[in-house]
Amino acid sequence: MKKLCSILLAPLALAATVFAGILWLNNLVSAGRYYRNLGTPQAGDGTEGFWPAMSWSTLDISTISTFIPFFGGIFITMALFQLGRGKISHRSDYPFFADYDRLNVALGLLGTIWGIIMIGFYPMGEVNIGVLMQCLHTAMFSTLIAVVWVMVILPMTFLPLLHRLRIGIGGAGADDSDSFTALAEDLARSVSVTRNSLEEFGESLQRGHGSLNDFAPELTETLESLRKSRELHDEVALHSGELLRQLTSAQQALAVQLQQYLQENRTLRDQRASLEQELENIRSAGAKQRQNMEEDLQRCRLEITELKATLDQARRTLKG
């Protein structure tokens, strides 16, 4: 029965381990995109991995909080498959290896230190709330997941389950006593390792608290600078709005004047055209009048010539 239970649980553990691995890869992609924007204010806006629906698992840019369950799931899955085939190990650290608990807590502390160090990669004028929260998420979640995994999840779920399966497959009697003894030793060792890890974590938190206290004046100065920058921005925006309104009014006045000038220009063009037409009419009338005068003068000349001829003939007649 225990062997059948192991066979049934092994695929479930494999599926959970694969899902944890996908979350870890999604966290790696998100962290890679974050590090490309490192040192800029855009890094604090958050980045998504290749699976946007799982963005809640990408808060830790050290990826330790998603790696720990995936790493532990590999050993648990391997143990279930071995139990399903009837292979039993009597190691005291089964199904993991020596100092597995210490390694997980050390990884959590490493994530905490890394999250605090990340704040120093940003210039003082570019540290905003988003950047600070991202770094604090890394510092807190990495150690939180490590401690919960080592102190709560493993001792209360997976380790008792694996030991019961191992006892059921290996038989009862003396083996039961040895298995319970090994379980007690594992629990005692886990408690000891966890206590030491918590002491180390407390010291790390004290150092981190000291670092945050040292950073507090600089952060206060940065926030004050941001406040002054915002006030200056608001003042510039106010003056810019007033200047824009003045420019708009001036533009409207110029548009009205330009419209008036265009209307006057059209009126002057019409008057010029009318004057040019009158001048053309006057020129035409003068030319016609000049032509008539020339015709009259020509007739007068002919009449004078005829009169001269008549007078000459009259003189010749009187002389004769």
Side-chain angles (χ1 to χ4, degrees), residues 1-32 48-60 62-105 107-108 111 141-142 144-173 175-176 178-187 189-190 193-194:
M1 184 64 182
K2 299 293 184 181
K3 188 174 181 178
L4 178 60
C5 185
S6 300
I7 295 174
L8 294 177
L9 289 176
L12 297 178
L14 179 60
T17 302
V18 171
F19 179 71
I22 293 174
L23 292 182
W24 180 52
L25 292 177
N26 186 56
N27 198 0
L28 283 175
V29 174
S30 174
E48 296 180 348
F50 59 83
W51 194 357
M54 295 292 106
S55 296
W56 54 268
S57 64
T58 62
L59 297 176
D60 180 7
S62 70
T63 71
I64 290 175
S65 60
T66 52
F67 173 75
I68 288 177
F70 169 61
F71 185 54
I74 294 175
F75 291 96
I76 295 173
T77 303
M78 292 174 58
L80 288 173
F81 276 108
Q82 290 175 356
L83 291 173
R85 293 195 301 268
K87 297 177 63 175
I88 301 174
S89 175
H90 297 285
R91 301 193 326 266
S92 61
D93 52 14
Y94 179 84
F96 304 106
F97 52 86
D99 293 332
Y100 171 79
D101 296 342
R102 186 181 295 273
L103 175 62
N104 281 276
V105 176
L107 289 175
F141 276 106
S142 56
L144 175 65
I145 295 298
V147 172
V148 170
W149 179 261
V150 171
M151 293 187 60
V152 179
I153 297 178
L154 290 182
M156 296 184 65
T157 57
F158 294 113
L159 289 180
L161 175 63
L162 291 174
H163 279 287
R164 288 178 64 87
L165 293 175
R166 185 169 59 169
I167 292 171
I169 295 174
D175 291 337
D176 294 351
D178 293 340
S179 298
F180 281 113
T181 301
L183 176 59
E185 292 177 354
D186 290 341
L187 292 177
R189 182 179 57 83
S190 298
V193 171
T194 303

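Residue numbers start at 1 and run along the sequence shown.
The aromatic rings of Tyr100 and Phe75 sit perpendicular to each other, their planes meeting at more than 60°, with 30° as the lower class boundary. Between His163 and Tyr94, the angle of the ring planes goes over 60°, which puts this pair in the perpendicular group of the 30/60° scheme.
A side chain to side chain contact (heavy atoms under 4.5 Å, CB included) with Phe96 holds for exactly one of Ile74, Leu103, Ile76; it is Ile76.
In this structure, CG in Asn104 is found 5.0 Å from CD1 in Ile68, a value given to the nearest 0.5 Å. In this structure, CG on Leu162 lies 5.5 Å from CG on Leu80, to the nearest 0.5 angstrom. Considering CZ of Arg166 and CG of Leu159, their distance stands at 9.5 Å, rounded to 0.5 Å. Taking CG from Asn27 and CD1 from Ile22, the interatomic distance works out to 13.5 Å, rounded to the nearest 0.5 Å. Note: Trp56 CH2 to Leu23 CG = 5.0 Å, rounded to the nearest 0.5 Å. Annotation: the span from Trp51 atom CH2 to Leu25 atom CG amounts to 11.5 Å, rounded to 0.5 Å.
A donor-acceptor contact shorter than 3.5 Å is absent between the side chain of Ser30 and the backbone of Asn26.
With a 6.0 Å radius and a threshold of 12 heavy atoms from other residues, nucleotides or ligands, Met54 has its CE atom above the threshold.
The two residues Pro160 and Pro155 come nearest to each other via the heavy atoms CG-O, 3.0 Å. Contact record, Pro69 with Ala20: C-CB, 4.4 Å, taken as the closest heavy-atom pair. When all heavy atoms of Thr63 and Ala31 are compared, the closest pair comes out as CG2-CB, 4.0 Å. When all heavy atoms of Ser142 and Gly108 are compared, the pair lying nearest together is OG-O, 3.2 Å. Across every non-hydrogen atom of Phe70 and Thr17, the tightest pair is CD1-O, 3.4 Å.
Side-chain atoms of Leu28 and Phe50, non-hydrogen and from C-beta on, never get closer than 4.5 Å to each other.
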Inset, instruction - Decide yes or no on side chain to side chain contact (heavy atoms under 4.5 Å, CB included) for Leu144 and Val148, but give the supporting numbers first. - result: CA-CA 6 Å; Leu144 175 65; Val148 170; 3.9 Å; yes

Inset, instruction - Give the C-alpha distance, both sets of side-chain angles, the deciding distance and a yes or no for side chain to side chain contact (heavy atoms under 4.5 Å, CB included) between Leu83 and Leu9. - result: CA-CA 10 Å; Leu83 291 173; Leu9 289 176; over 6 Å; no

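Residues forming a side-chain hydrogen bond (donor to acceptor under 3.5 Å, both in side chains) with Asp60 (at least two apart in sequence, or on another chain): Ser62, Ser65.
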